[in-house]
2 protein chains.
Amino acid sequence: MSPNANHNGSAHHDHGKCVADALAAAREICDQRGERFTELRGRVLELVWESHRPIGAYAVLERLKADGRSAAPPTVYRALDFLMEVGLVHRIESLNAYIGCAHPGAAHASQFLICKDCGTAEELESPAVDAALAAAAGDHGFKIAGRVVELSGTCKNCSGS
Amino acid sequence: MSPNANHNGSAHHDHGKCVADALAAAREICDQRGERFTELRGRVLELVWESHRPIGAYAVLERLKADGRSAAPPTVYRALDFLMEVGLVHRIESLNAYIGCAHPGAAHASQFLICKDCGTAEELESPAVDAALAAAAGDHGFKIAGRVVELSGTCKNCSGS
DNA sequence: ACAGAGTATGATATACTATAGCGAGGCCGG
DNA sequence: CCGGCCTCGCTATAGTATATCATACTCTGT
């Protein structure tokens, strides 16, 4: 993994710390919720964060195998499903990929800005978007249970160049 | 919205007419754009509309085969790709499924309300949602190229019962 | 410490979704 | 009529996800 990372070109970005923070937060959240943050789940979450952009389930699987661990698709899908239920990971539907949640711990409806050039996916939580969606759904008598909002395009850094 | 509309099981809905209208419109749009609206493409579009809710590519394939036609996955994927390029069909990312466009002919960014109970997907074009998305993206220096907005939940008819 | 319930993981098989690549035939402009 | 392009048939394969059963772990109450 690139030690430098720095997703969107902005300044520096201590990737190791960022991953470690995410893991620490995850552990705490699971503790609070009485969920087991097992070694496997931790490793999967770590791999998702290390990628620092949406990563496919099978890419996670390959990395697990590279650890020397025995793993099969259900191994990773179960871990990802758990992490999504707890709110530590999001699934990007338009990419069939997964990414670490930027703001775990709080229920939230997020939106994603997916750059076609660099592959990063920035997580947003725009109240305005959320309100507009709620209003639009309400107009049609629709009760929202789940939201998928994914914009593809060019991110700030990539459009500069 | 179409004059008849009203999917969701309530009251009447002249399905045959609705499909025929969609096909007629499609033929005209392809003519205008100098695209070939072949028999296969027409049949695929017809099948998509007949389903009247998002339908998977392989379900379309089965129906094509039921016609006695020889068909393989590429057959249907090529047709669907064409129909999407022309704007006659949308893909629902969260379902890996396809649905006829309710307002073909005009460029538009649409949103979908997908009922988990009855499986229908209502197509919206909310300017407010669109504006909110554009604003949120703009705040982050992001240039939008494609939008995926899919809300899952319970539609009006299903929440009544 | 132990038994039992519930949960997590291992392992195999299979289902579902999508694309690559090649060749034959049709359509259309020159 | 011919040459290029588009459409379609066909086979193979890639990519994504789940069903199912077996094993092993963890926690709780005793």
Side-chain angles (χ1 to χ4, degrees), chain A residues 26-27 30-48 51 54-86 88-99 119 148 150, chain B residues 26-27 30-31 33-48 51 53-86 88-99 119 148 150:
Chain A
R27 194 175 305 274
C30 286
D31 272 4
Q32 286 175 2
R33 304 184 38 156
E35 301 282 359
R36 295 192 211 161
F37 191 70
T38 64
E39 199 270 336
L40 173 66
R41 291 168 176 173
R43 181 63 181 137
V44 168
L45 182 59
E46 187 178 15
L47 288 169
V48 167
S51 154
I55 183 176
Y58 278 72
V60 173
L61 178 57
E62 279 171 19
R63 287 160 173 72
L64 280 181
K65 284 180 178 167
D67 286 351
R69 178 194 300 264
S70 95
T75 308
V76 55
Y77 279 105
R78 280 189 293 228
L80 288 171
D81 286 348
F82 169 83
L83 294 169
M84 284 190 289
E85 269 174 24
V86 181
L88 295 168
V89 159
H90 293 292
R91 172 178 165 86
I92 310 285
E93 292 292 341
S94 55
L95 298 175
N96 292 333
Y98 305 82
I99 190 170
V148 173
E150 301 168 7
Chain B
R27 194 174 305 274
C30 285
D31 273 3
R33 304 184 38 155
E35 301 282 358
R36 295 191 212 160
F37 192 72
T38 63
E39 199 271 336
L40 173 65
R41 290 167 176 175
R43 181 63 180 137
V44 168
L45 182 60
E46 189 178 14
L47 288 169
V48 168
S51 152
R53 70 201 60 198
I55 182 175
Y58 278 71
V60 173
L61 179 57
E62 278 171 20
R63 287 160 174 71
L64 281 180
K65 284 180 178 167
D67 285 353
R69 179 193 300 264
S70 94
T75 309
V76 55
Y77 279 106
R78 279 189 297 229
L80 288 172
D81 285 348
F82 169 83
L83 294 169
M84 283 190 289
E85 270 175 24
V86 182
L88 295 168
V89 160
H90 293 292
R91 172 176 166 83
I92 309 287
E93 293 292 341
S94 55
L95 298 175
N96 293 332
Y98 304 83
I99 191 171
V148 172
E150 301 168 8

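By convention in this document, chain letters (A, B, ...) are assigned in the order of the sequence lines, proteins followed by strands, and residues within each chain are numbered from 1.
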In whole angstrom, what separates [X]'s [atom1] from [N]'s [atom2]?
X        : N       : atom1 : atom2 : answer
Leu61(B) : dA15(C) : CG    : P     : 16 Å
Phe37(A) : dT9(C)  : CZ    : C1'   : 16 Å
Arg33(A) : dT7(C)  : CZ    : P     : 15 Å
Leu40(B) : dG25(C) : CG    : C1'   : 15 Å
Glu39(A) : dT9(C)  : CD    : P     : 9 Å
Phe82(B) : dC8(D)  : CZ    : P     : 9 Å
Leu80(A) : dT9(C)  : CG    : C1'   : 15 Å
Ile55(A) : dG15(D) : CD1   : P     : 15 Å

Report task. Please say whether the positively charged group of Arg27(A), taken as NZ for Lys or CZ for Arg, lies over the ring of Phe37(A), i.e. under 6.0 angstrom from the six-membered ring centre and within 45 degrees of the axis. Result -> no

**Report entry** Residue pair Ile99(B), Val89(B): steps toward the side chain to side chain contact (heavy atoms under 4.5 Å, CB included) verdict
**Finding:** CA-CA 6 Å; Ile99(B) 191 171; Val89(B) 160; over 6 Å; no

Phosphate OP1/OP2 of [N] contacted by [X] side-chain N/O (<4.0 Å):
X        : N       : answer
Thr75(A) : dA11(C) : no
Ser70(B) : dC8(D)  : no
Arg41(B) : dC8(D)  : yes

When you compare the protein's N or O atoms with those of nucleotides 16-20 of chain C, which come within less than 3.5 Å of each other, and at what distance?
residue, atom, partner, partner atom, Å
dA18(C), OP1, Arg91(B), NH1, 2.5
dA18(C), OP1, Arg91(B), NH2, 2.5
dA18(C), OP2, Tyr77(B), OH, 2.8
dA18(C), OP2, Tyr98(B), OH, 3.4
dA18(C), O5', Tyr77(B), OH, 3.3
dA18(C), N7, Tyr58(B), OH, 2.5
dA18(C), N6, Tyr58(B), OH, 3.3

Query raised in the report: So Arg36(A) and Phe82(A), side chain to side chain contact (heavy atoms under 4.5 Å, CB included) or not? Walk me through it.
Result: CA-CA 10 Å; Arg36(A) 295 192 211 161; Phe82(A) 169 83; 5.9 Å; no

Requested in this report: Check side-chain hydrogen bond (donor to acceptor under 3.5 Å, both in side chains) between Thr75(A) and all other residues, then give those that pass, not counting sequence neighbours.
Outcome: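 Listed in chain order: nothing, the list is empty.
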
Requested in this report: Check side-chain hydrogen bond (donor to acceptor under 3.5 Å, both in side chains) between Arg53(B) and all other residues, then give those that pass, not counting sequence neighbours.
Outcome: none

Measure all distances between protein nitrogen or oxygen atoms and nitrogen or oxygen atoms of nucleotides 26-30 of chain C, and list the pairs falling under 3.5 Å.
none

Within the structure provided, determine whether [X] and [Y] are in side-chain contact (heavy-atom separation under 4.5 Å).
X        : Y         : answer
Leu40(B) : Arg78(B)  : no
Tyr98(A) : Pro54(A)  : no
Arg91(B) : Val148(B) : no

Requested in this report: Let me see the working for Ser51(A) and Val60(A) under side chain to side chain contact (heavy atoms under 4.5 Å, CB included), right down to the final yes or no.
Outcome: CA-CA 9 Å; Ser51(A) 154; Val60(A) 173; over 6 Å; no

Report task. Hey, could you give me each pair passing side-chain hydrogen bond (donor to acceptor under 3.5 Å, both in side chains) that has a residue in residues 64-74 of chain B? Not counting sequence neighbours. Result ->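 Residue pairs with at least one partner in residues 64-74 of chain B: Glu39(B)-Arg69(B), Arg43(B)-Asp67(B).
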
Query - Bend angle of the helix from dA1(C)-dT30(D) to dG30(C)-dC1(D), end axes from five pairs each (to 10°) - result: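 Its terminal axes enclose an angle near 30°.
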
Query raised in the report: Is there a side chain to side chain contact (heavy atoms under 4.5 Å, CB included) between Leu88(A) and Val48(A) once you walk through the steps?
Result: CA-CA 10 Å; Leu88(A) 295 168; Val48(A) 167; over 6 Å; no

Report task. Examine distances only and state if a side-chain atom of Glu150(A) and a backbone atom of Ser94(A) form a donor-acceptor pair shorter than 3.5 Å. Result -> yes

Query raised in the report: Hey, does the side-chain of Arg78(A) have a donor or acceptor N/O within less than 3.5 Å of a partner on the base of dG10(C)?
Result: yes

